[in-house]
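Chain letters run A, B, ... following the sequence lines, proteins first, then strands; residues in each count from 1. Bear in mind the structure is a predicted one, so any value in this text is a computation, not a measurement.
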Number of protein chains: 2
Amino acid sequence: MAEIPSARDRLLAAARQLFWARGYANVSVRELAGAAEVDIALISRYFGGKRGLFQATLTDAFADIELPACGAEALVDHAVRLFVEAPRDGVTPSLLQMMLMNAHDADVGAEVRALHGDRLQKRLERLIGAPDRAALFMAALLGLSVAEKSLRLAGIARPGTAEYEAQLRHMMQAALSYRHDSRD
Amino acid sequence: MAEIPSARDRLLAAARQLFWARGYANVSVRELAGAAEVDIALISRYFGGKRGLFQATLTDAFADIELPACGAEALVDHAVRLFVEAPRDGVTPSLLQMMLMNAHDADVGAEVRALHGDRLQKRLERLIGAPDRAALFMAALLGLSVAEKSLRLAGIARPGTAEYEAQLRHMMQAALSYRHDSRD
DNA sequence: GCATCTTGTCAACAGTTGTTGACTTTCATC
DNA sequence: GATGAAAGTCAACAACTGTTGACAAGATGC
């Protein structure tokens with residue numbers, strides 16, 4: 001009982017925590033190893049280097065996310081819960097935050113965009129049907145997340161209040177109700 | 001005629017170009033000096049260091065932006081033109097892109113958020129009136145910019161087309177038409 | 001002509017980054 | 001108990017970061 005996790009597992013946990021919260025470029029391998037109480041050399045040994053460790057935190061991020069086929073109302077609920085809200089541990093930021101934090105990185109930016117940006121968009125497309133509305137819906141999701149979490153704007157971030165949820169819903173449903181007039 | 005610009009001016013121009021396009025952390029002083037064809041030491045001499053040079057590219061970014069008091073329709077036009085579209089040189093990214101690119105930086109992130117995020121929000125608030133709608137409007141602006149420029153999502157980025165503008169308008173006006181029901 | 005200030009150049013600095021190879025320890029298997 | 005693979009430790013590496021001080025050239029003022 002109370003199995004002590006292996007060095008590899010502790011490294012992975014610390015990496016997901018730190019990389020997601022502060023960004024790939026802003027975390028050094030020494031800090032990472034210190035947080036995991038592990039020798040630095042093990043990062044290269046187990047994951048091939050800093051970049052490999054970061055990739056390991058990315059690959060299974062979507063594993064437990066399942067979007068049910070449902071109406072617009074329920075979809076808004078699910079999307080907000082899954083992508084915008086922070087995970088259960090209360091420290092690691094949401095998937096969207098991580099994406100936005102690392103999307104511009106010189107080393108891993110392209111990978112993050114391809115792996116999660118496109119993947120998330122495809123999921124929403126399959127769920128919503130029309131690609132246009134899916135893209136707009138995702139843009140709304142991104143905008144609110146950026147405004148609240150990245151820029152910390154006043155007037156957006158009132159998590160848990162009914163007002164915040166009403167704002168969210170209004171914009172989401174505007175995105176979902178949009179139909180363009182060109183060929184389909 | 002054809003005045004050759006001083007080293008200080010070339011440095012400032014190269015800094016605005018490179019910092020805004022690739023982010024503060026992803027540009028080294030050596031690359032900066034090389035692009036401006038200037039000795040590295042002059043960065044510290046003239047601007048007090050890399051950070052000071054970056055700040056110099058920030059301070060006057062809002063100098064030429066003036067939002068007129070107008071209706072919702074014209075406001076959408078102005079906002080899109082001023083904040084989302086790229087400047088005239090066609091290379092330097094928009095103000096929003098620069099904000100989003102550097103908002104998470106460990107060194108200058110807080111400054112960028114405070115100087116431009118808050119400032120832009122205050123401008124929109126003064127213009128729109130209701131802080132709630134201004135925040136939502138700004139979130140919509142951010143979301144579209146992120147989706148198009150940062151994540152390069154398909155389905156959003158069709159600049160110059162009527163369809164793209166229609167999407168923009170629909171979401172913007174949804175943001176502007178929102179009213180919350182709590183106390184004001 | 002001399003002094004002074006600006007403008008620019010050069011080489012070196014100390015600090016941090018990610019990575020690696022040699023080493024010891026641990027532990028299971030024969 | 002001997003063998004050998006796995007797990008972990010240590011010190012050093014080369015590459016890069018931003019910054020600085022000493023120095024030279026040119027313009028300006030008296």
Under 4.0 Å from any atom of DNA chain C, heavy atoms only: list the residues of residues 21-29 of chain A that qualify, in numerical order. A:V27, A:S28, A:V29
B:R51: which residues meet the salt bridge (charged side-chain N to carboxylate O under 4.0 Å, His left out) condition with it, sequence neighbours left out? B:E111
Rounded to the nearest 0.5 Å, what's the gap from CD on A:Q97 to CG on A:L142? Could you check? 12.0 Å
Roughly how many Å is it from CD in B:E31 to C1' in D:dG18, rounded to a whole number? 14 Å
Taking the side chain from B:R113 and the backbone from A:L151, do they hold a donor-acceptor pair closer than 3.5 Å? no
How long is the line joining CZ of B:F47 and P of C:dT7, in whole Å? 12 Å
By the salt bridge (charged side-chain N to carboxylate O under 4.0 Å, His left out) test, which pairs, at least two apart or in different chains, include something from residues 17-26 of chain A? A:R22-A:E31
Could you run down nucleotides 5-15 of chain D 5' to 3' and tag each one B, S or - for protein heavy-atom contact under 4.0 Å? --SBBB-B---
Measure the acute angle between the ring planes of A:F19 and A:Y24, then classify it against the limits of 30° and 60° as parallel, tilted or perpendicular. tilted
Return the set of residues passing side-chain contact (heavy atoms from CB on, under 4.5 Å) with B:V29 (not counting sequence neighbours), or none when no residue passes. B:I40, B:I43, B:K50
Check the distance between D:dC16's C1' and A:K50's NZ and give it to me in whole angstrom. 13 Å
B:I43 CD1 - D:dG18 P separation (whole Å): 8 Å
Name all pairs fulfilling the salt bridge (charged side-chain N to carboxylate O under 4.0 Å, His left out) condition that reach into residues 97-109 of chain A, sequence neighbours left out, sorted by first residue then second. none
Given atom CG of B:D107 and atom P of C:dT17, what is their separation to the nearest angstrom? 12 Å
Separation of C:dG18 P from A:L18 CG (nearest whole Å): 12 Å
In whole angstrom, what separates B:L11's CG from C:dG8's P? 10 Å
To the nearest 0.5 Å, what is the distance between CZ (A:R123) and CZ (A:R126)? 6.5 Å
